[in-house]
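Please read these numbers as outputs of a predicted model, since none were measured by experiment. One is the number of the first residue; the rest follow in order along the sequence.
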Amino acid sequence: MVNGGDMSERNDWMVRGLDRNGLALEIAPLDKPVLRQQEWDVRYADHLPREGLLEKYAEHSTVDSANIQPVHFVVGRQGILDAVAGHRFHSVIASHVIEHVPDPVRWLQEIYALCVDGGMAVFAIPDRLQCFDRLRRPTEAIDWLGAWLEAPWRPAPRNVIDALINECSWKGTLTWAGPAMESELTHNRQPTLALQMALEAVRSADYYDVHCWAVRPPELFAIFYVLAVLDLFPFEVDSYRDTEGNEFLLRLRRNDASTWVSRLSSIPLDGTAVTNAIPEDFSVRAYLDQNADLVAARVDPIKHWLEYGRNENRRYA
């Protein structure tokens with residue numbers, strides 16, 4: 001759910017620059033697709049067929065069951081790349097999806113594989129400070145890397161208990177626009193109930209859906225940066241829109257001519273913790289362009305400058 005934002009303006013941003021003549025994929029549109037079949041050559045993917053979604057959301061007052069979209073690809077345990085069976089897309093849209101994904105590193109790599117060269121992946125992502133994730137610690141790169149190493153097909157136990165025990169509300173709402181006083185936040189369940197629910201979820205063979213991750217824009221870009229250093233982030237960041245209402249928007253581009261340097265330097269670092277330690281005019285691109293040895297060794301340019309480069313008087317701008 002989006003609070004405090006103009007949906008038409010938001011959707012206009014998400015489709016800006018997309019190829020209207022190319023095949024598109026929207027993941028989990030439910031009853032509020034960004035890409036409508038009357039205007040786009042679009043296919044929809046979800047975790048259940050339409051009949052299953054109708055049953056699941058029958059009692060949800062915020063879901064218009066009559067507008068639940070058809071599901072062309074049902075995504076199961078094998079992932080979305082397997083579900084679409086060889087199709088490739090000029091555009092991929094996912095609103096409030098990535099935070100649910102148990103293994104987002106692998107998922108992003110699969111989304112990349114689904115895109116044609118020059119294709120765009122566009123995401124709407126909840127800001128953890130503007131929703132029921134407010135009391136959770138911010139997700140870090142090590143969390144995503146751990147999930148990638150484990151390759152879970154459903155939320156890990158630590159994701160489930162974190163989501164259940166720390167979920168909160170502000171004045172009775174799960175999402176909000178603008179600042180919310182932390183003193184006005186209330187947990188949605190007692191710890192004993194959260195633990196009981198988590199135990200039942202973990203012992204069950206069913207998929208238990210939660211927000212696995214909680215981020216703000218700078219926190220997500222810090223994760224991307226670490227992944228890019230490790231050559232695990234295949235996209236270039238094309239653009240993003242900072243938080244409005246309870247979400248921020250992100251556009252990633254597949255560029256088959258991209259390099260490790262171009263992917264790394266495409267990631268905006270303003271507001272990330274690492275920028276507090278480097279000069280204001282530090283440029284990742286410039287530092288790597290002037291130090292080919294770092295590129296060859298795939299060395300984190302920021303860590304290198306902090307630990308070695310500044311003492312060696314290496315140029316960074």
Can you tell if the side chain of [X] reaches within under 4.5 Å of the side chain of [Y], non-hydrogen atoms only?
X	Y	result
Val42	Ile93	no
Phe233	Leu252	yes
Arg20	Trp40	yes
Arg285	Ser262	yes
Arg134	Arg128	no
Tyr207	Pro102	yes
His87	His72	no
Trp144	Phe224	yes

Given 3.5 Å as the limit, does a donor-acceptor pair link the side chain of [X] with the main chain of [Y], or not?
X	Y	result
Gln69	Asn67	yes
Asp19	Gly119	no
Asn11	Ser8	no
Asn311	Tyr308	no
Ser266	Arg263	yes
Trp260	Ala228	yes
Arg136	Ile165	no
Glu167	Arg189	no
Asp281	Ala317	no
Arg154	Tyr208	no

- [ ] Go through the steps for Ile161 and Val202 under the test side-chain contact (heavy atoms from CB on, under 4.5 Å), then give the verdict.
- [x] CA-CA 10 Å; Ile161 188 61; Val202 170; over 6 Å; no
Hydrophobic cluster membership, with links at side-chain heavy-atom distances under 4.5 Å among I/L/V/M/F/W/Y: are [X] and [Y] in one?
X	Y	value
Met197	Leu174	no
Ile111	Val75	yes
Val261	Val229	yes
Val84	Leu108	yes
Trp213	Leu135	no

[X] [atom1] to [Y] [atom2] distance, which is reported to the nearest 0.5 Å:
X	Y	atom1	atom2	answer
Leu306	His304	CG	NE2	10.5 Å
Leu232	Arg106	CG	CZ	9.5 Å
Ser91	Glu26	OG	CD	10.5 Å
Met14	Met120	CE	CE	13.0 Å
Leu220	Glu99	CG	CD	10.5 Å
Ser95	Leu30	OG	CG	11.0 Å

Taking [atom1] in [X] as the centre, count heavy atoms belonging to other residues, nucleotides or ligands within less than 6.0 Å. Is the count above 12?
X	atom1	value
Glu9	CD	yes
Lys56	NZ	yes
Asp270	CG	no
Glu312	CD	yes
Leu149	CG	yes
Arg158	CZ	yes
Glu184	CD	yes

- [ ] List the steps and the verdict of side-chain contact (heavy atoms from CB on, under 4.5 Å) for Trp13 and Glu244.
- [x] CA-CA 12 Å; Trp13 191 98; Glu244 294 186 18; over 6 Å; no
Open item on the list: Against Ile27, only a single residue in Trp107, Tyr44, Phe73 fulfils side-chain contact (heavy atoms from CB on, under 4.5 Å); can you say which?
Closed with: Trp107
- [ ] Going by the side-chain contact (heavy atoms from CB on, under 4.5 Å) test, name the single residue among Leu18, Leu249, Leu250 that passes it with Val122.
- [x] Leu18
Task: Test side-chain contact (heavy atoms from CB on, under 4.5 Å) applied to Trp148 and Leu227, step by step - done: CA-CA 11 Å; Trp148 178 71; Leu227 298 180; over 6 Å; no
Task: Ala286 to Ser283 - nearest heavy-atom pair and separation - done: N-OG, 3.0 Å
Open item on the list: Ignoring hydrogens, what is the shortest heavy-atom contact between Asp206 and Ser204? Give both atom names and the distance.
Closed with: N-OG, 3.0 Å
So, [X] and [Y], do they make that salt bridge, N to O below 4.0 Å?
X	Y	answer
Arg314	Asp293	yes
Asp82	Arg77	no
Asp300	Arg298	no

TODO: Start with the C-alpha distance between Lys32 and Asp64, add both sets of side-chain angles, then the distance that settles salt bridge (Lys or Arg N to Asp or Glu O under 4.0 Å), and finish with yes or no.
DONE: CA-CA 9 Å; Lys32 299 175 181 66; Asp64 178 3; over 6 Å; no
- [ ] Answer yes if the ring centres of Phe282 and Tyr287 are under 6.0 angstrom apart, and no otherwise.
- [x] yes
- [ ] May I ask you to decide if the ring planes of His60 and Tyr57 are parallel, tilted or perpendicular, using 30° and 60° as cut-offs?
- [x] perpendicular
TODO: Hey, can you tell me if Trp305 and Tyr316 have their rings parallel, tilted or perpendicular (30° and 60° cut-offs)?
DONE: perpendicular
TODO: Would you mind telling me which of Thr139, Asp127, Asp242 makes a side-chain hydrogen bond (donor to acceptor under 3.5 Å, both in side chains) with Arg216?
DONE: Asp127
Open item on the list: Looking at Tyr112, I'd like to know if the NZ or CZ of Arg254 sits under 6.0 Å from its six-membered ring centre while staying within 45 degrees of the ring's axis.
Closed with: yes
Open item on the list: Using side-chain contact (heavy atoms from CB on, under 4.5 Å), reason through Leu269 and Tyr225 one step at a time and then give a plain yes or no.
Closed with: CA-CA 8 Å; Leu269 295 176; Tyr225 179 83; 4.0 Å; yes
